[in-house]
Amino acid sequence: MAPVPLGPTPESGLFGCRPCLTRLVTRARRARDASLLENAEQARAESARWEPVRERYLARLDSVRKAAEAVAELVKDEKTEPLRAAWLLVSLESAYNWVPDAPEPPASVGREDRELRDGAFRLDLAMISVREAVAERLAYHLINEAQPDEPEMCEEFECPEDCSGRHDSSDIDCGPDAVFEDLAEHGVVVEPPEPEPFPGELLRRFMKTDTEGEQEEDPKWTELEEGSATVLAHFGIDADDTDVLVSAAAVGLVADTWRDGPLDEIRAADGGPSDGEVFAQSVDLYRRAREALAAAREDGPEALAAFVTIASDTRLRWAGGSRFVLRALSRTETEAVEGFVRHLDNRVWFTTEVMRAKSWRAALLYGAASAAVKAPGHFGMPAWPAVVAAAMARLGKLDRTGAPEVLDDLTAVESALLEAPDRLGAAALDWLVEHAVFEVSLSVEPGVGFRVTPEDAP
């Protein structure tokens, strides 16, 4: 039969007849198909052995991760004793160490298993979170245990009579550079970073000076001062009482700069602060505003920078035991947070302009008038004691089953509301707001003051 050249060229290499070539190709195909069938059976067998191993490993990862999340929540709960928190971490670390190395899948299954990788990654994140929570809890515990009793501070903190004199700290801010100084004491020198510029243009505005000497007074500032005095007289607020004026101006400063504007958008966002957290933080900022305004009498408008620094700090935990920080919303609500800081910056700047262009008293009159219109029944205003009296009358009639324990002693609750509402904690304030305890009607008798009437009064 005629030979068929197989190459590499028609004149050289191997030759075969057509029937032989057909038989060889058929035999090769059968061998190939048999090999594929054998490989498929092997792959199915390997997969059947691999799946249970994989599922057991994923189940262990998931169990330990859930345990880590549960331990983190318990550690954050103040009812969990610090020693118990430490033992919880030790037992959790033991469970984590017993998690075996990730099993290797057979070659027939493939080397990349995203679910195995993601499960291990989520467990590592949970372990990082719980270690951070335990470290923070134990660090504060050691610091507080090392502090001596300080009964002389009870007066400053307005403590109850049975206070032991031990005032524990739960949120200490040493500033950005303290760690470098602490390390230097141990012989470790690390160069600190360059200081951050003051937010916005506020510092430049505070330090603004008139290089051209005295300028003629702008009539608008005189009108603002006289108009504010008229408003305060209408609402029965004694503008000649410096303490009352500073207190009302502090309420107005918080209302104008912090409570107004973008705060509503931040509260409505997922993960935003609750009513109780806003209440507690506004009380804390009122105290800071009052201190800054009082200091501005001697130090000038630059003293208000201290208030702005705290009020616009996106990393600071809010008062009343809250764990909310503005930074938590910075990824999802970037525009709202930036607008909030910008609004606060601008409104404080206006107050400093009034103080610089007219006088310290003119700025207080403006802030107090704003408070009389926007927040007449807030903590720090003359009407607040009457609001508290109405609130306590309503609270005494409510069923407080399930309410935070701090609300059990009505005498202590009334004292805290009058002196420092944030002392009750954000959770208790949330409960009070939710049950409409503070809902009152404020009517003004011109020249006399506000009259407080509970909403449910006949």
Side-chain angles (χ1 to χ4, degrees), residues 156-158 171 173 175-176 195-209 221 224-225 228 232 237 239 241-261 263 278-320 326 340-372 374-375 378-382 384 419-422:
E156 178 183 346
F157 287 138
E158 299 172 342
D171 192 3
D173 186 355
E196 292 288 334
F198 204 84
E201 298 184 350
L202 189 59
L203 185 59
R204 178 182 62 79
R205 294 174 176 180
F206 278 140
M207 301 307 293
K208 176 181 175 183
T209 57
W221 300 121
L224 180 66
E225 181 178 9
S228 298
L232 293 177
I237 297 177
D241 188 326
T242 303
D243 287 340
V244 171
L245 186 62
V246 172
S247 183
V251 174
L253 184 62
V254 175
D256 286 339
T257 64
W258 189 79
R259 291 189 71 102
D260 279 359
L263 181 61
V278 172
F279 193 158
Q281 181 68 357
S282 65
V283 170
D284 182 70
L285 289 179
Y286 154 79
R287 284 193 290 263
R288 298 179 186 275
R290 183 183 174 107
E291 292 174 3
L293 288 171
R297 186 173 192 175
E298 299 295 334
D299 301 335
E302 292 82 5
L304 295 184
F307 168 76
V308 176
T309 300
I310 296 298
S312 62
D313 191 343
T314 60
R315 299 171 298 176
L316 182 69
R317 287 182 182 176
W318 283 15
L326 282 169
F340 173 81
V341 174
R342 188 165 53 250
H343 169 81
L344 188 144
D345 184 347
N346 291 334
R347 295 306 302 167
V348 173
W349 170 80
F350 180 78
T351 301
T352 65
E353 285 295 285
V354 177
M355 196 176 296
R356 182 177 291 110
K358 186 65 180 173
S359 66
W360 177 74
R361 177 176 169 79
L364 294 189
L365 288 171
Y366 165 74
S370 182
K374 295 180 179 179
H378 281 214
F379 177 73
M381 294 297 287
W384 178 248
E419 300 168 2
D422 54 334

Measuring only between side-chain heavy atoms, which start at C-beta, is [X] closer than 4.5 Å to [Y]?
X: V308; Y: R288; value: no
X: F307; Y: E291; value: no
X: D256; Y: K374; value: yes
X: L245; Y: L232; value: yes
X: D345; Y: S312; value: no
X: L253; Y: R347; value: no
X: H378; Y: R259; value: yes
X: F379; Y: S247; value: no

Salt bridge R287-D284, side-chain N to carboxylate O under 4.0 Å
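A salt bridge is present here (some side-chain N lies under 4.0 Å from a carboxylate O).
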
Between Q281 and A319 (side chain of the first, backbone of the second, donor and acceptor by atom type, cut-off under 3.5 Å), is there such a pair?
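Present.
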
Quick check: closest heavy atoms across [X] and [Y], and the distance to 0.1 Å?
X: S359; Y: A362; value: OG-N, 3.1 Å
X: F279; Y: S282; value: O-OG, 2.7 Å
X: V283; Y: P421; value: CG1-CD, 3.9 Å
X: A296; Y: M355; value: CB-SD, 3.7 Å
X: D243; Y: R290; value: O-NH1, 3.7 Å
X: A371; Y: G252; value: CB-N, 3.4 Å

Using the rule given for side-chain contact (heavy atoms from CB on, under 4.5 Å), can you reason through V246 versus W360, listing the C-alpha separation, both sets of side-chain angles and the distance that settles it, and then say yes or no?
CA-CA 10 Å; V246 172; W360 177 74; 4.1 Å; yes

W349 vs L344, side-chain contact (heavy atoms from CB on, under 4.5 Å): CA-CA, chis, key distance, verdict:
CA-CA 8 Å; W349 170 80; L344 188 144; over 6 Å; no

Should T257 and H343 be marked as a side-chain contact (heavy atoms from CB on, under 4.5 Å) after you check the CA-CA gap, both sets of side-chain angles, and the distance that decides it?
CA-CA 7 Å; T257 64; H343 169 81; 5.6 Å; no

Below 6.0 angstrom between ring centroids: does that apply to Y366 and F350?
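Between F350 and Y366, which both carry aromatic rings, the centre distance is below 6.0 Å.
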
Is the ring pair F340/W258 parallel, tilted or perpendicular, if the boundaries are 30 and 60 degrees?
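It falls in the perpendicular class, over 60°.
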
Let's go through M381 and I237 carefully: what are the C-alpha distance in whole Å and the side-chain angles of both, what is the deciding distance for side-chain contact (heavy atoms from CB on, under 4.5 Å) to 0.1 Å, and is it a yes or a no?
CA-CA 9 Å; M381 294 297 287; I237 297 177; 3.9 Å; yes

